[in-house]
Amino acid sequence: MGCAGSSQSQGGEGSVKKIRKPKPWKHPQPITKAQLMQLREEFWDTAPHYGGRKEIWDALRAAAEADISLAQAIVDSAGVIVQNTDLTVCYDERGAKYELPKYVLSEPTNLVEEN
């Protein structure tokens with residue numbers, strides 16, 4: 001008896017999706033780390049203007065920039081509902097949709113060194 005051995009059922013309405021790194025992807029043209037960082041900054045600067053709550057956008061940014069276990073804790077504590085396990089599509093408790101491009105979640109396979 002007791003809680004130590006009990007497990008939460010998987011599936012159903014309240015199941016928590018475990019997040020994971022996005023699959024490897026390729027940018028349309030090879031880009032440098034500096035260009036990637038610029039793309040990320042532009043996205044995070046403009047994302048809240050497309051709707052949703054700023055605190056959820058802030059939590060998603062923190063999760064995107066953290067390692068997987070910390071990212072999981074961040075989205076769980078912020079009440080983010082993960083639709084796609086790679087964090088590309090999420091919702092808040094009010095049903096607002098948050099879409100994250102892969103370039104804010106991981107580096108492309110065709111990242112090039114700067115000269």
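These numbers were taken from a predicted model, which means no experiment stands behind them. Index from 1, following the sequence.
For Arg61, the side-chain hydrogen bond (donor to acceptor under 3.5 Å, both in side chains) criterion is met by Glu41, Glu65, not counting sequence neighbours.
One distance of note links CG of Leu87 with CZ of Arg20; it measures 9.5 Å at 0.5 Å rounding. The NZ atom of Lys33 sits 10.0 Å away from the CD atom of Glu114 when rounded to the nearest 0.5 Å. A distance of 11.0 Å separates CD of Glu55 from CG of Leu60, quoted to the nearest 0.5 Å. To the nearest 0.5 Å, the span separating OH on Tyr50 from NZ on Lys97 amounts to 15.5 Å. Summarising the geometry, atom NE2 belonging to His27 is positioned 10.0 Å from atom OG1 belonging to Thr32; distances are rounded to the nearest 0.5 Å. The CH2 atom of Trp25 sits 9.5 Å away from atom CG of Leu105, with the distance rounded to the nearest 0.5 Å.
Under the side-chain contact (heavy atoms from CB on, under 4.5 Å) test applied with Asp86, the options Val82, Val89, Thr88 reduce to a single match, Thr88.
For the residue pair Glu107 and Arg40, the shortest heavy atom distance occurs at N-NH2, 3.9 Å. Here the closest non-hydrogen pair linking Ala71 and Ala66 is N-CB, 4.1 Å. Between Thr46 and Glu42, the shortest heavy-atom contact is OG1-O, 2.9 Å. Contact record, Gln83 with Lys17: O-NZ, 2.7 Å, taken as the closest heavy-atom pair.
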Between Leu39 and Gln35, does a side chain to side chain contact (heavy atoms under 4.5 Å, CB included) hold up when you go through it step by step?
-> CA-CA 6 Å; Leu39 277 174; Gln35 291 169 316; 6.0 Å; no
Chi angles and distances behind the side chain to side chain contact (heavy atoms under 4.5 Å, CB included) call for Asp92, Ile81 = CA-CA 6 Å; Asp92 64 20; Ile81 300 156; over 6 Å; no
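Within the 4.5 Å cutoff, side-chain heavy atoms of Leu111 are placed close to those of Ile31. Val75 is not listed as a side-chain neighbour of Cys90, based on a closest heavy-atom distance of 4.5 Å or more.
In the hydrophobic clustering of ILVMFWY residues, with side-chain heavy atoms under 4.5 Å counting as a link, Phe43 and Leu36 come out together. Put simply, Tyr91 and Val80 are part of two different groups of oily side chains (I, L, V, M, F, W, Y) that touch within less than 4.5 Å, one to the next. Clustering ILVMFWY residues whenever any of their side-chain heavy atoms sit less than 4.5 angstrom apart, transitively, puts Leu70 in a cluster other than the one holding Ile19. Linking ILVMFWY residues whenever their side-chain heavy atoms come closer than 4.5 Å, directly or via other members, leaves Trp44 and Ile74 in distinct clusters.
Counting only distance, with no hydrogens or angles, the side chain of Trp57 and the backbone of Asp45 share no donor-acceptor pair below 3.5 Å.
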